There are 2 protein chains.
Amino acid sequence: MHEFKYVNNHLYCEKVKLEDLARRFGTPLYVYSYHTLIDHFIKLQTAFRQIEPLICYSVKANSNLAILKALVDKGAGLDIVSGGELFRALEAGCPADKIVYASVGKTDREIEEAVRKKILFFNVESGGELENINRISKRLNRVSGVAIRINPDVEPKTHKYITTGKLTNKFGIDFKSAERILLLCKRLTNIRISGLHIHIGSQITESSPYVSAITKMVDFIQRLRRKGVDLEYLNIGGGLGIVYDRETPQTAARFAARILPLLKETGLKIILEPGRFIAGNAGVLLTKVLYIKPTPKNKFVIVDAGMNDLIRPALYDAYHQIIPLKVSKYQSIKVSEKVDIVGPICESADFFAKDRRLPKIKEADFLAIMGAGAYGFSMSSNYNSRLKAEEVLVVKDRVFTIRKRETRRDLISKETIPAFLL
Amino acid sequence: MHEFKYVNNHLYCEKVKLEDLARRFGTPLYVYSYHTLIDHFIKLQTAFRQIEPLICYSVKANSNLAILKALVDKGAGLDIVSGGELFRALEAGCPADKIVYASVGKTDREIEEAVRKKILFFNVESGGELENINRISKRLNRVSGVAIRINPDVEPKTHKYITTGKLTNKFGIDFKSAERILLLCKRLTNIRISGLHIHIGSQITESSPYVSAITKMVDFIQRLRRKGVDLEYLNIGGGLGIVYDRETPQTAARFAARILPLLKETGLKIILEPGRFIAGNAGVLLTKVLYIKPTPKNKFVIVDAGMNDLIRPALYDAYHQIIPLKVSKYQSIKVSEKVDIVGPICESADFFAKDRRLPKIKEADFLAIMGAGAYGFSMSSNYNSRLKAEEVLVVKDRVFTIRKRETRRDLISKETIPAFLL
């Protein structure tokens, strides 16, 4: 569910007409719905209320400070993956003891900062990292919480690039090695084993991979308990899929119903790390049609957003629904045609949709690329020396700029031409 | 040819030991060799000296101001694809009459700026764009040069994402439509037809696709001449391939030998738009090994650079040679093993090499990812809230920072948390 709807043939975000925003702020423009964001968070909270999990929003999905602050205010913790995200989490006012930190490549500096800030725990991805955290914590005279990230070797049935819980992936530790590491942990003086972590992938639309992974975890937890390893948390990660096209992902309630019995069986406190589920359908990317270009083989709709703004179609062959901000005349005429919707960037990877049937579009029309709230702006770049887009947050009838558009000066502000070239 | 070589078991860039740079500036770090860059430019200039082409370096390959200035000083023009690149070109001191501007999605504002600055010409990609340029030029009381970009429908035998000269691509105009447009042009009062443009793709390692495309162009030019359309320029674009792995691309000299007869036949001034050929092997990305992670199925070398720094492997499945900055002990032991070299980012797309045979690597070693001078930094992002890397230019024994590393403050400098959330 989201709050982007047509009213009198105009697409609205909450109470605001999107065409007005496109004209006022220019395009490309990211628009987020505050109530959609919060609604998704509450839905998850409600679905799992029997066990009162800590819901750590996955910062990498959309790391804008205003988005983080909005969720933290509702009680969310944060799932971070870098020192930069730790910085953001703290800037957004997240209590350190609601921050969990995953990443296969934590640097010493990043570990030190997180230890000093006393985050809840690290999701540890390798034996080397565990020793590193112990060594650094010792130097700082701290005892740091860690959850061992298990690679449960399950197939999440999603894109290979966002599959993370198979043994061929770089993530986590297999059960056998994890058990060995957990038993060895007892001799690490500055580590406290807080729990276990899994994260099997992203955009997963059915509960069976979770059931399969968590079932394995329940067995493992019981086995560990028998060996004298007591745990406090089970972090089941994120990866809940959303509707981009015709997926029929399980609702939060149905997902909870399937896995709650298993979770209760663990007797542990539960952590969830949703990102896309919360932010994905809470944001759209608005773009303007620059040219309609018919060619002998295709009809191209060339828009002013590019793969630098939203790389998911190029990188994951991802589907995004694309709809006009104004529909009246299209709908009444009932004319549709097959087009390729492409950006201005000079490579063929720069597309948003291929062979897509759309109502008839003309130059200067505005389009909304739906489901762009997660892994949209956060993956954006300055490729082709394009400026990163503006981001606005809509709250009923109010609109807030939460990130200003970059300027051309910004592009070069860190660059210097050496004196010998001047 | 490039100036990255081992001397006494240490990898050097020109006269500078790369390990010293990695320690001094930190990693990830982009290092460019000034003399390699200039050498590539001169090689191309020399190969084509019979016809004295204007060589417009393709800014999108690597748009750092210092790189642009270095080439402009040697006589290069610039090939731009956006208003941001126009801004960079002018900041780097490129004369406007050496700038050509391609892109399927030029906005009115971008066109107006380029018209005002009096660039050499626009590479025009559609009839709609041509009329736009005419309209805007008229309003500004100017006559603007245009080259019609032809889509010659040839197969360049490269990655589908960097194939640009097939009829299914969004680029250029087919011969038949181009002829119609060129004849219609006569009634456009504020357009001067400067010539024709082709660009068939990128990383093309043999001359036959060029020969085939240029042969078609020669016929077309003669046909146009008979119809009274006189041209001044033929812009043959870029796309010259380089060595990443075991490619054996043609040298500039051999390439020139194949196509010079055809180019002379046109009687036109020639423009080339090389990007990768000049910058690709003039840059490397230095990275530090954070963890060695053996798993039941793979051995992972986890480094501190990520897909946000260099996205080519994830996006194009591109091969980059990866070598250690110090080799003595590896080479003497002659031990090698198969590893996956991956970054710290939380998705499986974040890799630099898979199943790569490498000398034995250990934690804290430094590696050079070769051939990262083009489409490396220019495509980089802040994904996972990571800071964009520093860029340095080496000139013999001197080292210049040409772009400072980003700071965490930079990440959020454009963001604002709305008052209602504070």
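Please read these numbers as outputs of a predicted model, since none were measured by experiment. Just so we're on the same page: letters track the sequence lines, and every chain starts at 1.
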B/Glu347 vs A/Tyr316, side-chain hydrogen bond (donor to acceptor under 3.5 Å, both in side chains): CA-CA, chis, key distance, verdict:
CA-CA 12 Å; B/Glu347 57 186 275; A/Tyr316 314 116; 2.4 Å; yes
CA sep, side-chain torsions, deciding dist, call: B/Lys288, A/Thr107, side-chain contact (heavy atoms from CB on, under 4.5 Å)
CA-CA 10 Å; B/Lys288 187 178 174 178; A/Thr107 65; over 6 Å; no
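For chain B, the nearby part of A/Tyr375 is the side chain; its heavy atoms alone come within less than 4.5 Å. Proximity to chain B (any heavy atom under 4.5 Å) is restricted, for A/Asn298, to the side chain, taken from C-beta onward. Both the backbone and the side chain of A/Asn384 come within contact range of chain B, with heavy atoms under 4.5 Å apart. With a 4.5 angstrom heavy-atom cutoff, A/Asp350 touches chain B via backbone and side-chain atoms both. Residue contact with chain B, scored on non-hydrogen atoms closer than 4.5 Å, involves the backbone and the side chain of A/Tyr161 alike. Heavy atoms of B/Asn169 lying under 4.5 Å from chain A belong to its backbone as well as its side chain. Using a 4.5 Å cut-off between heavy atoms, B/Ile402 contacts chain A through both its backbone and its side chain. Only the side chain of A/Ile311 comes within contact range of chain B, with at least one heavy atom under 4.5 Å from a heavy atom of that chain. A/Ser378 touches chain B through backbone and side chain together, each having a heavy atom under 4.5 Å away. With a 4.5 angstrom heavy-atom cutoff, B/Arg409 touches chain A via backbone and side-chain atoms both.
A donor-acceptor distance shorter than 3.5 angstrom exists from the side chain of A/Lys170 to the backbone of B/Gly343, with no hydrogens or angles considered. Distance alone, capped at 3.5 Å, places no donor-acceptor pair between the B/Tyr383 side chain and the A/Ser381 backbone. Checking side-chain atoms of B/Lys293 against main-chain N and O of A/Glu125 turns up a donor-acceptor pair under 3.5 Å.
Applying the ring pair (Phe, Tyr, Trp, His ring centres under 6.0 Å) rule to B/Phe300 yields no partners; only residues at least two apart in sequence or on another chain are considered. For B/Lys60, the side-chain hydrogen bond (donor to acceptor under 3.5 Å, both in side chains) partners are B/Ser58, not counting sequence neighbours. Residues meeting the ring pair (Phe, Tyr, Trp, His ring centres under 6.0 Å) test with B/Phe351, sequence neighbours left out: none.
Closest approach of A/Tyr291 to B/Ser126, counting heavy atoms only: CD2-OG, 4.2 Å.
Of all residues spanning residues 80-87 of chain B, those with a heavy atom less than 4.5 Å away from chain A's heavy atoms are B/Val81, B/Ser82, B/Gly83, B/Gly84, B/Glu85, B/Phe87, arranged by number.
Counting heavy-atom pairs under 4.5 Å between each of B/Gly127, B/Pro296, B/Ala61 and chain A puts B/Pro296 at the top. The candidate from B/Asp340, B/Thr163, B/Ile302 with the greatest count of non-hydrogen atom pairs under 4.5 Å with chain A is B/Ile302. Heavy-atom pairs under 4.5 Å with chain A were tallied for B/Asp410, B/Leu422, B/Val72; the largest tally goes to B/Asp410. The most heavy-atom pairs under 4.5 Å with chain A, out of B/Thr168, B/Asn151, B/Leu387, B/Val395, come from B/Thr168. Looking only at heavy-atom pairs under 4.5 Å with chain A, the residue among B/Ala92, B/Ser63, B/Ala419, B/Ser385 that has the most is B/Ser385.
Taking the side chain as every heavy atom from C-beta outward, B/Thr407 and A/Lys414 approach each other to under 4.5 Å. Taking 4.5 Å as the limit, some side-chain heavy atom of B/Arg398 sits within range of a side-chain heavy atom of A/Phe420. Looking at A/Glu110 and B/Leu290, their side chains never come closer than 4.5 Å, going by heavy atoms from C-beta outward.
For the pairing with A/Glu415, the salt bridge (charged side-chain N to carboxylate O under 4.0 Å, His left out) check across B/Arg88, B/Arg405, B/Lys404 returns one residue only, B/Arg88.
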